[in-house]
Structures are given as structure tokens and as C-alpha cells.
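Following: one structure in C-alpha cells, then a few remarks.
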Amino acid sequence: MAKQYWLLKSEPEEFSIDDLKRVKKEPWDGVRNYQARNYLKSMQIGDQALFYHSNTEVPGIVGIMEVASEPYPDPMAFDQKDKHYDPKSDPENPRWFLVEFKYVRHTARTISLAELKDDAKLEDFPLTRRGNRLSVMPVTAAQWKYLLGLEKKAPKA
DNA sequence: GCCAACGTTGGC
DNA sequence: GCCAACGTTGGC
């Protein structure tokens with residue numbers, strides 16, 4: 001299958017692009033939403049993803065990372081002491097999955113949510129659709145190219 | 001299977 | 001901190 005593109009949200013207070021750069025590679029654990037889970041399960045090594053900072057002063061795209069593992073069961077779901085523990089996820093039949101991501105690079109600038117919302121070309125982009133709270137979403141090849149084109153433009157004043 | 005109550009997300 | 005939007009849970 002061809003390479004796929006994604007966008008993943010993280011709160012920088014929890015885990016930021018700088019954290020990813022420091023650790024190089026990170027298992028994307030704690031996803032507890034079925035739709036997001038299904039996207040994680042369909043990822044393949046080499047897929048590229050935008051790193052998005054949510055719930056912060058200037059929410060937006062801040063970097064690029066790459067899928068670095070096959071999807072595997074999220075071990076946190078089995079750990080009673082973990083806040084992502086889910087008693088309904090059985091190790092024999094795991095409910096939650098994750099992949100590992102490796103750091104690729106920061107974007108040259110933060111491509112802010114406000115800017116993306118303003119962009120008529122991105123009407124169909126799931127991120128800017130009203131009420132969307134998915135933390136993992138697909139990005140089309142065309143959107144990927146367009147978004148990285150924005151990186152080199154100066155943000156609107 | 002319906003739906004109200006509740007919890008979470010995330011922009012502002 | 002507020003609150004709108006949405007997902008999940010659980011009683012019936």
C-alpha cells in the first residue's frame with residue numbers, strides 16, 4: 001500500500017515536539033477513542049504524520065514525525081496503576097493499539113489553527129471541521145503537500 | 001435500542 | 001475557567 005499521511009494531536013504540557021526530538025522515538029499510547037484507534041491500526045512503517053499542539057496558547061502544526069513500528073497493543077491499558085488503564089482490554093484480545101513515532105523535524109514555524117481555519121482550501125480538512133475532537137486523523141496526499149507549502153509562507157498579519 | 005447523564009476534549 | 005460539542009455508559 002502507498003504511504004499514508006496523518007495528523008496527531010498532543011498537548012505540549014503532556015508531550016511536545018521538543019520532547020519527541022529529545023527522546024527520538026515515542027510510543028503513542030493512551031488513545032482511547034475507537035475511530036482514532038482504527039486509524040492507528042491502519043498505519044504502516046514509513047507513514048508520515050504532522051505533530052499538532054493542542055490546548056495551548058497557539059494551537060497548530062509544529063513538526064513532522066514518521067511511523068516507526070507496526071501497530072501493537074497499548075500496554076498501558078493492562079496496567080492497573082496507569083491512568084489509561086482499561087479493565088475491558090484483555091491481553092488475549094486487546095482493545096487499544098498504538099504505534100511508535102520517530103522525530104523527523106520541526107516545521108519552520110507553527111502553522112496555527114487560526115490560519116488553517118481561515119484557509120478556504122482546507123474546508124474538507126477534518127481538523128478544522130467544527131466540533132471535531134479526534135486526536136488522530138488522516139491527511140490526504142494533496143493536503144499534506146499543501147500544508148507543507150504553507151510552512152514556507154509568512155503567516156497572515 | 002433509546003436516551004439522559006456524565007466525562008472529556010480543546011478552543012477561547 | 002468556561003462551555004460547546006461529542007463520545008460513552010448504563011438504566012430501562
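The chains referred to below are lettered A, B, ... by the order of the sequence lines, with proteins before strands, and numbering in each begins at 1.
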Q | A:A68 versus A:K25, closest heavy-atom pair with distance | A | CB-CD, 3.9 Å

**Q.** A:E14 versus A:D19, closest heavy-atom pair with distance
**A.** O-OD2, 4.2 Å

Q.
Please enumerate all residues that pass side-chain hydrogen bond (donor to acceptor under 3.5 Å, both in side chains) together with A:D90, with sequence neighbours excluded.
A. none

(Q) For a quick test of reading the model, state the closest non-hydrogen atom pair linking A:Y85 to A:F78 and the distance between them. (A) CD1-C, 3.8 Å

Q. Could A:D86 and A:R32 be called an ion pair, given the rule that one side-chain N must be under 4.0 Å from one carboxylate O?
A. no

Q: By nearest nucleotide on DNA chain C, pick out whichever of A:N33 and A:N55 is the more 5' one.
A: A:N55

Q. On DNA chain C, nearest-nucleotide positions of A:N132 versus A:K88: which is more 5'?
A. A:N132

Q. Under a criterion of less than 4.0 angstrom to any heavy atom of chain A, what are the 5'-terminal and 3'-terminal contacting nucleotides of DNA chain C?
A. C:dA5 to C:dT9

